[in-house]
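Working notes, beginning with the structure itself.
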Amino acid sequence: MKNKLDFIDIMHGSDGHHRKEDPNSFEYSYQAEITNVYSLTKTEKLYQIQIADPKLRTKFTFKPGQFVMLELPGIGEAPFSISSSPVRHGDIELCIRGAGNFTNFLSRVQRGTKVGLSGPFGTHFPVEKMHGQDLLLIAGGLGIAPLRSPLLSVLENRSRYGRVDIMYGAKNPDELLFTYQHEEWRRFDINLDITVDQADKQWQGRTGLITEILKERIQESTDLANNTFAIVCGPPIMFRFVCDMLTQAGLPMQKMFVSLERRMHCGRGKCCRCNIGSTYTCIDGPVFDYWSVMNLKEAI
Amino acid sequence: MKLSCDVNVKHLTRVEGHGNIQIKIQDGRVKQANWEVVETPRFFEAMLVGKHWENAPYICGRICGICSIGHTLASIRAVENAFNIIPSTQTAKLRLLLKHMETLQSHILHLYFLAAPDFLGTGSVLPLAKSNPEEVQRALRLKLLANDACDIIGGRRLHPTRTVVGGFTMLPEKKQLDQIRRRLNACVPDLLAAAELFKTFTIPDFSRETEFVSLKADENYPFIGGSLISTDGVIKKEADYRQMTNEYCKKGFTSKLSKLSRKSFAVGALARLNNNFAFLHPTAQNISTELGLTPVNHNPYMCNVAQLVECVHIVFDSLSLIEDLLNSPWQEERQPVKAIKGKGVGAVEVPRGILYHYYEFDGKGKIVAADCVIPTSQNHANIHHDIQALAKQYAESGTKDQNIELLAEMLVRAYDPCISCSVH
Amino acid sequence: MIFKVFPKKKLSLLYELLAVNTMVGPTLKGKDRNGKSLYDFDVLYTFDDLALDYTATIHSAKRFVLPYHEKLSSFDINKTDWKKHVDINVYKPLVFFGMHPCDINALNKLDMVLAGNVYPNPYYIGKRKNIFIVGLDCSPEPQCFCHSMGTDSALHGFDMFLTDLGDKYFVEVLSATAFDFLSQIKSKEPSKKDHQHYKQVNALKNKNFATNVETNDLTKILDLEFDAKAWDQWGDKCLSCGTCSNVCPTCYCYGVEENIDLDLKNANKIRSLHSCNLLDFAKVSGGHNFRPEKSTRLKYRYYHKHRGFVEAFEESLCVGCGRCGQACLADITPPEVIASVRGKE
Amino acid sequence: MDQQLSYLGVPLTRPKVAFFDFTSCEGCQLQILNNEATLLDFLNLVEIVNFREGMSEKSDNYDIAFIEGSISRPDEIKRLEAIRHNAKIVVALGSCACFGGVNQLKNRFNDLNWVKKEVYGDFPIETIEVHPLEKYVQVDLKIYGCPIKKEEVEKIVTNLVVGKSITSPEYPVCMECKANENICLFELGEPCLGPVTRAGCDAWCTNNRRGCWGCRGPADVANVRQLEEIMHKYGFSNETMLDRLECFGGFASLTKEIKKTKKPAAKRKK
Ligand SMILES: Cc1cc2nc3c(=O)[nH]c(=O)nc-3n(C[C@H](O)[C@H](O)[C@H](O)COP(=O)(O)OP(=O)(O)OC[C@H]3O[C@@H](n4cnc5c(N)ncnc54)[C@H](O)[C@@H]3O)c2cc1C
Ligand code: SF4
Ligand code: SF4
Ligand code: SF4
């Protein structure tokens, strides 16, 4: 029958609109495995996730600040910032807080469980653009998860940057993440300041808000306006305070970077759930410079 | 050896609603033998007062979860009778088909899930599911078919959505009806196999002279409307149902009770069959005879068998109803309703017996008074007297007290009582 | 573009030729309480099912390319290992007979997002590529404002497009397949007079638009009026029911739900269209809701359609079909909302 | 059947489940038995230890208590409290348990004696104002509907076993109704509570061209004030709207407000 229309099989036919072999194609994912799980605090765990196929693993590259979608069948799929250094390619670390269905179930699975991984998605912290400049890396709470990737990247390329200050605050000592690495980060050429809002008996370090440390740092600074970049990760009220302080101190808004969070179902600019005003967090973000954030309606 | 025992069953299981059995026998003398109904009353008849007519079928369907379709249809019929609405033949056929499917699913539920475990000596259908999965699959298949048919015709198997005064909000697609027809045809062997299973069960040997009340057959085995009849020779019009039910209250029962020519009477599958045996489909009649059930049978345990026989009848009757429906084009589904001042009664045979709804309306279509008489409430007194007779029979002949407890439970279950419905 | 004409009575022949495929088109669904005909798109079994004189349909054509619920994938689970099966749920081509320009344009807009070069959506593309569209001209209904949105005529996105010239149809032919079908019914080249007639018909249509929306500088005005009182007033009325998005031919936001079978051996993932007017649209785990008020959600719908999309694709995500306003029980219509935000009640 | 349950390698426990009923039609329990196709899988997932409507064995050792029905007599309060004491999770099953259901319609007379007399005459009968479970004990989870949807129950049970959270849709029935491409009943001249009622039933009634009566109670945003306007616009009386709003008790707090301005339910003198 001539009048029967030709069926166009986009998945298998020559009209290969859809590149099946690309794991980032819509609804596809890399097969990956949880190779290790470390408990960091009561609610956060660090997951080492490795892409199963060694070839794809080396091909998987990302920039600090980008995120992946992680999937468990029947449980869910959710976005997470990559927490490890970009040199490790498809063998990544995610620092995840048990907050809902997916994240809570994830905290119960064993090593060796298969997961679906897609990404990397989204914009990144422009660490190359920051070469030669002083850096302020500021994290509050779980904000250290997205910050750890640029942080490690900076440490690995320490000589390319000027002065580096890391400021990290948590509510109390129990909630501090990556404590086992703090000593590593506290190098002669790095200023690491850790503060908690509320100390406990064992706590020897600083107590108080992160903005107090920042105030001291700003006072030491000579030329914030021209020689400094900042990456600020944390809850909106925290980065807003920090960024406003820095702005007042003269740091241009477009030299500060933040990572925003919105509800997401696809990570690929399709589900429309992550829009801020009318900007997609998954494609146009999650990393934005502060100037753009200030110009986005309902961003904070 | 003369029997002494103390049976105290609180909240009888595998029945719908809450009832207790108490039997006390000392040295072969029955001290006490009671059926008690402790269900919480819901006051549907009061709730309706002041409500607009369209609430009646919607709210009254919620009297019972098992026979919500029957209640809805009885309620609709009462409203239609009050407003002088005569349903079209198409509507009448669809309603009967819907009614049939509800009866089928309710009977199967009762036979397999509630009654059969007793005959098999288990506490529930679960062990049967392990030992005889095909039997259970067969029951599930029949139930699923009936339930799916209810969904297709009534919109929902429980608390139907499409049934309204005047007709239906929406009609099924013909191809859906055709599917039901095919599945009904395919289920005939399942039913015959069920009959075989029931042949292996020992029906307790007990009987008591009883008056049986049901709708009276004109041309067909009756389910919706018509006159009322009893084996003691009483015949009444639908509108005079009160002369048939004579409700009264009694201590120990939150439900009302009924009586007619004697101190109690029975309604249900056995009553229908006893009154209208000649109108059953021939295959159903044969099976009935094979299973030792011919009218008038006074063994209440035979109610189980009567239900099975009705299932067979229903399947064949449904097939011919579907045939008719498929052979004529769909007409308008719903007639307009105009409320007038008046009263109406709707009598419908639901799985457990004859059900009456009665409403009185003011000129604006508001309900002034309502009355619902439920089959199980008509049966309660009879159950009570059956238990007394049973206790007496076994007290004298002597049996173990577990036996008598089981026999009493089985007796109550044979009526397939819907207790929550009887206390509405 | 190639133009053809054929006599009206040949339409059923064209339909029959196409009907070896699954046919979809406008059909009569019943009458409303005032006796007005209600139409919707549905599968057609005979030519008589087709209601070509249809006014607007209640729902748009989007479900044929973007179903309300769609299974994205299923999983076989075996302890810590599992297998994922992806099925884009399209197996055969479909003929859509009688689509108005607004709906064709709506598909073109959906193409921009769903078939665009960032992560194209194969579920959509598979269906979209397998629809043969016969477009059909229309006459404006009171609620239509497609003229304002520039979507009253379709330039691409269909196979052939029919314009009613009284006793014949004037056809725009866009695909070779359409050309082949037309040659089977022996269509002719249009004459000068046909051209003339065609232009008249279109001119007449243009005159008949009763509703207009001023789109000049709308993106900027929306930003300027971000805090306008009007949003609260409309928000007060909104039922947060999502009806507007469901009937909208271009709303495509969705949510995903994962389900596990009772036997714990299989699972699946269902995508369901959502609406930005629903309460949980921007809720994240932990309970924070980025848009808890009715007014901010409603505002966002307009922002996405009339500002964000324009910014990204230089045209609005609204085709002016008027369906959302018709379907909204709270009588919230885009022309009124936009006028009030502009400050002209 | 008895082997250890697990999902994705995570060991799960089969919860011990009990079903109880209070003042109700027992239809919601029946819906569980109505799971013909999946009943056996369901039974593999949980261990049913108490189900009076379906089995004789009973035990007071259970994790999850599914409770149907509302509370309408003092002895029910005691029984309910005992169940709460035994159970780790109390699930209110259906509109009666969640809101009082149709049973609460008798409350609208504010006169229990009249109500008793209307049905039982002078025969003594015990009853109190009808209330949902929540009035007396803490309820951990609500499954809405009159009747409940079996698919919903299955999903909830699976989620409970796996440890996923259980949420009902926050949006109203219209969302599901429109996704099913129904013609709006208001257009057809029928009143409907779809715009304010919590979804999750997949528009069960409106799919069948029957207006929604609000059995699942109010959606998280229930714009009842706007509903009033809609009802008036389409020519329906306040009474028609109230009949529906008050039918299952879910809108009790809202109807009270609307009623304040209107006269109370008519009673008949006996
Ligand atoms: C770009 C980005 C990076 C993130 N990085 C991290 C990280 O490094 N570590 C971490 O612990 N968390 C991170 N989150 C938050 C994390 O995605 C949520 O905690 C997670 O989605 C919760 O999923 P759930 O299924 O456990 O919760 P549920 O509440 O059950 O959520 C159900 C679904 O809603 C969506 N959702 C809910 N909350 C969020 C949210 N906050 N963000 C996005 N989608 C959401 C998801 O699709 C999720 O599957 C990030 C979020 C974004 C957007
Ligand atoms: S705008 Fe109208 S249709 Fe849309 S969500 Fe609000 S009330 Fe519903
Ligand atoms: S029929 Fe009811 S639920 Fe459906 S759209 Fe209309 S109002 Fe909403
Ligand atoms: S449509 Fe309304 S009344 Fe019907 S089941 Fe759903 S919530 Fe209940």
Side-chain angles (χ1 to χ4, degrees), chain B residues 11-18 39-52 54-55 58-59 62-66 68 109 113-114 117 123-126 129-130 133 136 140-141 143-144 147 155-159 161-162 164 169-170 249-250 254 256 366 368-369 409 418 420-421, chain D residues 1 21-31 33-34 36-37 39-40 43 48 51-58 69 72-73 75-76 101-103 105-106 108-109 114-116 118-121 123 125-127 130 146-147 190 204-205 207-210 213 239-240 243 247 265-268:
Chain B
H11 293 183
L12 177 63
T13 56
R14 279 185 285 124
V15 295
E16 212 267 7
H18 300 88
E39 189 72 27
T40 45
R42 285 172 292 162
F43 303 94
F44 272 87
E45 287 129 331
M47 273 179 219
L48 288 174
V49 173
K51 285 263 173 207
H52 190 246
E54 65 165 354
N55 287 260
Y58 194 83
I59 294 175
R62 269 121 181 125
I63 289 179
C64 180
I66 298 188
S68 56
L109 175 76
F113 292 79
L114 312 182
S124 74
V125 76
L126 300 186
K130 272 191 216 161
V136 176
L140 291 176
R141 208 156 45 228
K143 227 168 85 54
L144 183 63
N147 274 332
R156 183 157 67 187
R157 56 193 61 183
L158 212 153
H159 303 329
T161 50
R162 292 187 179 182
V164 285
T169 59
M170 208 173 168
C249 296
K250 192 178 157 195
T254 49
K256 292 178 185 169
K366 283 219 175 126
V368 180
E409 288 194 4
C418 187
S420 61
C421 175
Chain D
M1 200 190 248
D21 39 56
F22 291 91
T23 308
S24 66
C25 77
E26 296 194 12
C28 289
Q29 281 187 66
L30 191 70
Q31 281 292 77
L33 284 180
N34 272 342
E36 293 90 357
L39 190 62
L40 299 178
L43 293 172
I48 299 188
F51 191 175
R52 194 191 46 74
E53 203 177 74
M55 60 195 251
S56 289
E57 298 86 350
K58 37 190 148 178
S72 79
R73 214 168 49 191
D75 61 306
E76 290 190 320
V102 283
N103 309 317
L105 279 172
K106 79 165 198 239
R108 77 189 203 281
F109 296 106
W114 177 85
V115 169
K116 286 201 255 185
E118 176 73 12
V119 178
Y120 287 90
F123 183 74
I125 201 100
E126 199 177 12
T127 191
V130 171
C146 178
E190 296 272 335
W204 222 349
C205 300
N207 291 350
N208 291 299
R209 249 182 239 162
R210 159 70 71 109
W213 282 61
E239 192 195 351
T240 302
D243 274 350
C247 190
K267 267 191 283 181
R268 189 163 50 98

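A note on names: the letters A, B, ... follow the listed sequences, proteins ahead of strands, and every chain is numbered from 1.
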How many angstroms lie between atom [atom1] of [X] and atom [atom2] of [Y], to the nearest 0.5 angstrom?
| X | Y | atom1 | atom2 | answer |
| --- | --- | --- | --- | --- |
| D/E26 | B/L158 | CD | CG | 11.5 Å |
| B/I59 | D/C247 | CD1 | SG | 4.5 Å |
| B/E39 | D/S72 | CD | OG | 9.0 Å |
| D/W213 | B/T161 | CH2 | OG1 | 13.0 Å |
| B/R42 | D/S24 | CZ | OG | 6.5 Å |
| D/N103 | B/F43 | CG | CZ | 10.5 Å |

TODO: Find the one option among B/M170, B/E409, B/H52 whose heavy-atom pairs under 4.5 Å with chain D are most numerous.
DONE: B/M170
Open item on the list: Among B/R156, B/K250, B/H11, which residue has the highest count of heavy-atom pairs closer than 4.5 Å to chain D?
Closed with: B/R156
What part of [X] gets within 4.5 angstrom of chain D, counting heavy atoms only: side chain, backbone, both, or neither?
| X | result |
| --- | --- |
| B/C421 | neither |
| B/N147 | side chain |
| B/L12 | backbone |
| B/R141 | neither |
| B/P41 | both |
| B/I63 | backbone |

TODO: Apply salt bridge (charged side-chain N to carboxylate O under 4.0 Å, His left out) to D/E126 and list each qualifying residue two or more places apart in sequence or on a separate chain.
DONE: none
Taking [options] one by one, which has the highest count of heavy-atom pairs under 4.5 Å against chain B?
| options | value |
| --- | --- |
| D/C28, D/P147, D/G101, D/G121 | D/P147 |
| D/V130, D/I125, D/D243, D/V102 | D/D243 |
| D/D75, D/I48, D/L105, D/N207 | D/L105 |

TODO: Carefully, step by step, assess B/K51 and D/R108 under the rule side-chain contact (heavy atoms from CB on, under 4.5 Å).
DONE: CA-CA 11 Å; B/K51 285 263 173 207; D/R108 77 189 203 281; 3.4 Å; yes
Open item on the list: Under a 4.0 Å threshold between the charged nitrogen and the carboxylate oxygen, would D/K106 count as salt-bridged to B/E45?
Closed with: no
Task: D/C146 versus chain B, the contacting section by heavy-atom distance below 4.5 Å - done: both
- [ ] Would you tell me whether D/N208 and B/R162 have side-chain atoms, one donor and one acceptor, within less than 3.5 Å of each other?
- [x] yes
Task: Within 45° cone and under 6.0 Å: B/K256 NZ/CZ vs D/Y120 ring - done: yes
Open item on the list: Tell me the closest heavy-atom pair linking B/G155 and D/W204, and the distance in Å.
Closed with: O-NE1, 4.4 Å
Open item on the list: According to ring-ring contact (aromatic ring centres under 6.0 Å, His included), who are the partners of B/F113, at least two apart in sequence or on a separate chain?
Closed with: none
